[in-house]
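No experiment lies behind these values; they were computed from the predicted model shown.
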Amino acid sequence: MSERGLILINTGDGKGKTTAALGVALRAVGQNKKVLILQFIKGGQNYGELNAIKRLAPQIEIRPMGKGFIFHNKDNVSTAELNEHKKAADEAWNMLKNEVNSDEWDLIILDEINYAMHYGLVSAESVIHLLKNKPERLDMILTGRNAPEEIIALADTVTEMKVVKHAYQKGIKAKRGIEF
């Protein structure tokens, strides 16, 4: 009999949600588990984690599926831009459902899925259904700000990252190897 898979959420306005999930992914690979990371917002830009994870293949795979960040004020996003994000999220969601049902993975990270739900790109109801019907042994991590309460209620572990101080507040730009 296999162990029950856990649902973990990394949320909040602080830095480190994806980074914490990547740490768990490294730990899982170290235990000879197979990991998939689907990124719902990030696209194929040159993020440091993409290059590092390629070196750990085939135990771990990362798929940037998004069109890039939607700025935090969704009222300033054009309808055409939102439609592009929605199309990318639909493709990522369909891929995710297939991968979850394949029962090929030990851990699947839904990176930035909370943003996708917040912006209406993926419905919370769909995510709830997926989490309730995933293979019993599958561990899943959901990252991003604004995790919906009904998703939090399903989770086994929820961590909220809180900003105490951030270099950006001093006008310091994102640094390669630290922020991306």
Side-chain angles (χ1 to χ4, degrees), residues 4-25 28 35-43 47 49 62-103 105-164 166 168 179-180:
R4 181 179 78 80
L6 299 177
I7 298 169
L8 293 84
I9 297 175
N10 296 339
T11 194
D13 64 356
K15 195 176 151 22
K17 296 172 286 291
T18 296
T19 304
L22 293 173
V24 175
V35 179
L36 173 64
I37 305 164
L38 278 180
Q39 296 184 304
F40 277 80
I41 302 296
K42 287 180 185 164
Y47 293 102
E49 61 260 31
I62 188 167
R63 299 179 194 166
M65 303 291 296
K67 292 290 183 187
F69 282 99
I70 301 173
F71 292 99
H72 298 291
N73 184 355
K74 64 183 175 183
D75 296 330
N76 288 338
V77 178
S78 73
T79 302
E81 184 181 358
L82 202 53
N83 287 340
E84 285 296 311
H85 285 282
K86 176 75 171 127
K87 181 179 175 189
D90 287 345
E91 290 172 14
W93 182 254
N94 289 328
M95 180 181 290
L96 174 65
K97 289 189 302 187
N98 290 334
E99 294 296 351
V100 165
N101 292 323
S102 77
D103 202 23
W105 307 96
D106 299 300
L107 169 64
I108 297 179
I109 298 173
L110 291 69
D111 191 31
E112 301 149 344
I113 188 74
N114 296 332
Y115 290 117
M117 287 185 281
H118 178 71
Y119 288 111
L121 305 177
V122 175
S123 75
E125 295 76 23
S126 297
V127 176
I128 290 167
H129 184 266
L130 183 78
L131 293 173
K132 287 183 174 181
N133 294 288
K134 69 178 184 59
E136 179 71 19
R137 68 173 192 82
L138 179 63
D139 294 310
M140 297 184 82
I141 303 176
L142 291 72
T143 73
R145 293 178 186 212
N146 306 310
E149 287 300 321
E150 56 269 63
I151 302 291
I152 289 172
L154 280 177
D156 297 294
T157 300
V158 178
T159 302
E160 182 177 4
M161 310 310 196
K162 177 183 166 194
V163 173
V164 175
H166 195 291
Y168 184 76
E179 307 281 12
F180 61 95

_Result of checking L154, V127, N10 against L142 for side-chain contact (heavy atoms from CB on, under 4.5 Å)_ = V127
_Reference residue I37; test side-chain contact (heavy atoms from CB on, under 4.5 Å); the match among L107, L110, I62, I141_ = I62
*Smallest separation among heavy atoms of E112 and F40, with atom names*: OE1-N, 3.9 Å
_Tell me the closest heavy-atom pair linking V163 and G14, and the distance in Å._
CG2-CA, 3.4 Å
*Contact check, side chains of K134 and I7, non-hydrogen atoms, under 4.5 Å*: yes
Which donor-acceptor pairs under 3.5 Å do the side chains of residues 91-98 make with protein atoms, sequence neighbours left out?
| unit_1 | atom_1 | unit_2 | atom_2 | d |
| --- | --- | --- | --- | --- |
| N94 | ND2 | D90 | O | 3.2 |
| N98 | ND2 | N94 | O | 3.3 |

_Just verifying a value: how many Å separate E136 CD and R4 CZ, rounded to the nearest 0.5 Å?_
7.0 Å
*Which pair of non-hydrogen atoms, one from T18 and one from E49, has the smallest distance, and what is that distance?*
CG2-OE2, 4.4 Å
*Over all heavy atoms of both residues, which pair between W105 and E99 is shortest? Give the atoms and the distance, please.*
NE1-OE1, 2.8 Å
*Would you please classify the geometry between the Y168 ring and the H166 ring as parallel, tilted or perpendicular, with 30° and 60° separating the classes?*
perpendicular
_Atom pair CD1 (I108) and CG (L130), whose distance is rounded to the nearest 0.5 Å_ = 8.0 Å
*Is there a donor-acceptor pair under 3.5 Å between the side chain of K17 and the backbone N or O of R145?*
no
*Tell me, with the steps shown, if L121 and I41 meet side-chain contact (heavy atoms from CB on, under 4.5 Å).*
CA-CA 10 Å; L121 305 177; I41 302 296; 4.1 Å; yes
_In the structure I gave you, are the side-chain heavy atoms of I113 and V122 within less than 4.5 Å of one another anywhere?_
yes
*Would you please name every residue forming a side-chain contact (heavy atoms from CB on, under 4.5 Å) with A147, sequence neighbours left out?*
I9, T11, N114, I152
*Report yes or no: do T143 and D111 form a side-chain donor-acceptor pair below 3.5 Å?*
yes
*Quick one: closest heavy-atom pair of I151 and A124, and the distance?*
CD1-O, 3.9 Å
_Nearest 0.5 angstrom please: N146 CG to D13 CG, how far?_
9.0 Å
*Where G120 and K86 come nearest, the two heavy atoms and their spacing*: O-CD, 4.1 Å
_H129 atom NE2, neighbour heavy-atom count above 12 within 6.0 Å_ = no
